[in-house]
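What follows is one structure encoded as structure tokens, with my remarks underneath.
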Amino acid sequence: MTATGMRTHTCGELRAADAGTEVVVCGWVARRREHGEHLAFVDIRDYSGLVQCVVDGSVEARTEWVVRVAGTVRMRPAGTENPELATGQVELADCTVEVLARAEPPPFPVDDRTESDEAVRLRYRYVDIRRPRMQANLRLRARVTDAMRLSMVRQGFCEVETPLLWTPTPEGAREFAVPSRLHPGDFYVLPQSPQIAKQLLMVAGIDRYFQVARCLRDEDLRADRQFEFTQLDVEMSFVTQADVQDAVTAVVVAATQAAVGEEPGEVARLTWRESMERFGTDKPDLRFGMELVDLSAALAGTEARALQAPSVQAIVVAGAAGLGRGRLDALVERAKGLGAAGLAWFKVGEGGALDSPLSKFLDDDATAAIAAGTGAAPGDLVLVVADEWRRACEVLGQLRLDLGRPPVSEGPRRFCWVTDFPLFEGVDEEGRPVPAHHPFTMPHPDDLDVLERHPLAVRSQAYDLVLNGWELGSGSIRIHREDIQRRVFDALGVSAEQAEARFGFLLGAFRYGAPPHGGFAVGIDRFVALLAGEENIREVIAFPKTQSGTDPMTGAPKPLGEAELRALGLRPPRR
RNA sequence: GGUCCUGUGGUGCAGUUUGGAGUGCACGCCGGCCUGUCAAGCCGGAGGUCGCGGGUUCAAAUCCCGUCAGGACCGCCA
């Protein structure tokens, strides 16, 4: 399958069984070892690996030159095998080397041994991608999307493409605007996601839709966020939450199997509330313990002012009682930086005695409550945050990650579903509830009665898929009934006119017979990064942007000429 | 918009704390030697705006201010 008109084999596939075969391989010169004018070794590299070629004489080709090598596969002489190489049992003998293209010395070594400056890697990305690590990452990514498509199709889903040139839908993420040449002054936007399009496809009777979809958001970049990213976008009709979660679980399990050759273990399930209580976050990393302990009741009557708050939460840092004052002060500063009023620490000594700046304010009951409640052992450090419930949990959840989280590449893959998110996430400056997901998210049926009276207590039929502390994606059952949608818009303070102006085409479509439906989207960049053991999604994207949104290779973004701007109905900006 | 880290031949680093000659290490590159290496080895050589600008000082890679680039994070990401 890999033979072409120019080659018979790829470099990395040659094995002992090929001994005696005359072959032709093509690739780049990885290294050259010359032993005078009578013997030289040239390592040829292509995407499949590396093979050693033996040349009886000197070699014209230099590092990264592109060559075509004809020779005979033979077993290496006894004692010269290289167990480090997949092809290390054999070599190509009696080689003739044809130079297909000369090359300048590469700007950095084309191997995985040193990590070069990322700006330089991106500028010469076409060289960077020759490295085994990048080759492996991009091929892993391809296996993941292949497996996802296969799993979707087998489950009866239909892949449908949706427009990249979409219509502005204010609110949500900042959108990239595309000026219209035929309608000067008007704009398309690039979709933040195909959310509305896929709901329209449900009204259209597609029943089970999926798409490997590019999404674009003009928001600041991060290790796990690029302007453009790829989602496995899914939507299903006549389903419950469990149906969507089952379909998505099957996909990610199949993709994990295809990518790394092993099935993940049980996919855990916990409610948003449980996740916050136990891990202080809605995207828990289940690879390690250090769960939060609620000391609110135990310390309700404490004299210590610093611990008087609606909620008192704690974590135990095993064996950390020896931390010096500098490290402890840094932890306190970190907690304050995360929004906590403060952070209390207790070193657990022999016999359970607590050493802390707060010791003198604590009676024996309180001391016993902290020791018993947390189960801390001598030598451990207990960290306590007293604040509003959510803030106390979130601050300790972050400290838990700071102090206990293993590297991305370590440990098992622990998927979990987080369900029953609140429908609203606090209130804005005007006291209006802010939707936690999007405004088409169906409220939990048990909470519908209190939508008007206690909106912040309403749970939604929204759910996230989390893998080792990374949010892989989210989804929900959508509102398909006009009366419920009206009530949610009312709660959000969106008038009928505003709703019509923003989403009129969707609401209009719903009047023509909308099936109950729900869906999900998996962030493929993050998923692949986790499977590849990479901390950064740029490592699994061929041509990513820098943190400031530039491309060092092409120089984008660049100014457009004045004439081009005017043709688009735009005026050159003042700089 | 903000906080923090980094910037030294092509690459990776040390040197910056405590100012004293562009000093050092490894790789790469160029030339020579070398018939079993595989990160080959040995000998020789070239290669520098210490990111950029300003300031302090007799003297700045080193101290101060500003700025640019890359990165991590906060805000932001319905």
Side-chain angles (χ1 to χ4, degrees), chain A residues 30-45 50-58 62-64 74 76-85 87-88 91 93 103-124 127-128 169-175 192-193 195-196 215-227 229 330 333-334 336-339 398 401-402 421 423-426 428 432-441 460 462 471 474 476 488 492 494 502-503 523 535-536 538 544-550 552:
Chain A
R31 263 183 297 277
R32 197 178 45 143
R33 296 174 293 281
E34 283 191 298
H35 294 248
E37 56 189 24
H38 300 296
L39 175 67
F41 299 98
V42 186
D43 293 341
I44 308 299
R45 181 195 65 241
L50 202 110
V51 68
Q52 169 168 286
C53 301
V54 186
V55 180
D56 301 316
S58 55
R62 308 224 158 192
T63 304
E64 298 308 314
R74 75 172 177 208
R76 292 192 183 196
T80 66
E81 303 88 351
N82 184 348
E84 303 287 308
L85 284 180
T87 60
E91 62 190 6
E104 303 201 358
F108 47 83
V110 185
D111 61 42
D112 291 341
R113 294 208 319 280
T114 54
E115 198 54 39
S116 297
D117 184 76
E118 198 177 351
V120 182
R121 290 177 56 203
L122 291 183
R123 180 172 172 196
Y124 301 96
V127 175
D128 191 40
T169 50
E171 299 201 47
R174 213 174 283 124
E175 296 163 323
Q192 335 171 1
S193 80
Q195 180 61 40
I196 294 176
C215 305
L216 298 108
R217 296 180 188 174
D218 188 4
E219 299 289 350
D220 287 2
L221 287 64
R222 287 282 194 284
D224 62 351
R225 281 171 17 201
Q226 285 270 305
F227 282 154
F229 57 100
E333 284 311 306
R334 172 71 169 152
K336 287 179 177 170
L338 293 167
Q398 186 58 53
L401 294 177
D402 290 352
F421 273 72
L423 187 63
F424 304 110
E425 179 169 76
D428 64 15
R432 292 256 158 71
V434 179
H437 196 47
H438 56 62
F440 318 116
T441 305
S460 68
E471 181 193 320
S474 59
S476 62
V488 170
L492 292 171
V494 176
R502 287 176 196 166
F503 314 112
E535 307 270 354
N536 193 306
R538 291 189 298 271
K545 303 282 189 288
T546 66
Q547 197 165 64
S548 63
T550 64

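Order of the sequence lines fixes the chain letters, A, B, ..., with proteins taken first and strands second; residue numbering starts at 1 for each chain.
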For [N], give its Watson-Crick or G-U wobble partner with both distances under 3.5 Å, or none.
N: B:G28; value: none
N: B:A69; value: B:U6
N: B:C76; value: none
N: B:U17; value: none

I want to check something: taking the side chain as every heavy atom from C-beta on, are A:Phe440 and A:Val488 in contact at a cut-off of under 4.5 Å?
no
If you define the side chain from C-beta out and look only at heavy atoms, does anything of A:Asp43 sit under 4.5 Å from A:Arg33?
yes
All N/O contacts under 3.5 Å from nucleotides 46-48 of chain B to the protein, with atom names and distances to one decimal?
none

Could you check how far [atom1] of [X] sits from [atom2] of [N], rounded to whole Å?
X: A:Glu535; N: B:G71; atom1: CD; atom2: P; result: 16 Å
X: A:Asp402; N: B:C4; atom1: CG; atom2: C1'; result: 14 Å
X: A:Glu175; N: B:C77; atom1: CD; atom2: C1'; result: 13 Å
X: A:Gln226; N: B:G70; atom1: CD; atom2: P; result: 12 Å
X: A:Asp218; N: B:G1; atom1: CG; atom2: P; result: 13 Å
X: A:Gln547; N: B:C76; atom1: CD; atom2: P; result: 17 Å
X: A:Asp220; N: B:C77; atom1: CG; atom2: C1'; result: 9 Å
X: A:Leu221; N: B:G75; atom1: CG; atom2: P; result: 16 Å

Side-chain donor/acceptor contact of A:Arg225 with base of B:C77 under 3.5 Å
yes
Please step through side chain to side chain contact (heavy atoms under 4.5 Å, CB included) for the pair A:Arg334 and A:Gln398, ending with a clear verdict.
CA-CA 9 Å; A:Arg334 172 71 169 152; A:Gln398 186 58 53; 3.3 Å; yes
Grab the N/O contacts between the protein and nucleotides 11-13 of chain B below 3.5 Å, and write none if there aren't any.
{"from": "B:G12", "atom 1": "OP1", "to": "A:Asp117", "atom 2": "N", "distance (Å)": "2.5"}

Under the side-chain contact (heavy atoms from CB on, under 4.5 Å) test, which residues partner [X], sequence neighbours left out?
X: A:Ala103; result: A:Glu64, A:Trp65
X: A:Glu104; result: none
X: A:Glu425; result: A:Arg390, A:Ala436

Check ion pair A:Glu118-A:Arg538 (N to O, under 4.0 angstrom):
yes
Does [X] reach a base, just sugar-phosphate, or nothing at all? Heavy atoms under 4.0 Å.
X: A:Thr550; answer: sugar-phosphate
X: A:Arg502; answer: nothing
X: A:Pro435; answer: sugar-phosphate
X: A:Asn536; answer: sugar-phosphate

Which sits closer to the 5' end of RNA chain B, A:Arg222 or A:Ser548, going by the nucleotide each is nearest to?
A:Ser548
Between A:Thr63 and A:Pro106, which residue's closest nucleotide on RNA chain B lies nearer the 5′ terminus?
A:Pro106
With rounding to whole Å, what would you report as the distance between [N] and [M] at their [atom1] atoms?
N: B:U16; M: B:C34; atom1: P; result: 44 Å
N: B:G7; M: B:C50; atom1: C1'; result: 9 Å
N: B:G51; M: B:C13; atom1: P; result: 14 Å
N: B:G15; M: B:G66; atom1: P; result: 25 Å
N: B:U62; M: B:G19; atom1: C1'; result: 6 Å

Can you check each nucleotide of nucleotides 35-40 of chain B against protein heavy atoms at under 4.0 Å and return B for base, S for sugar-phosphate only, - for none, in 5' to 3' order?
BBBBBB
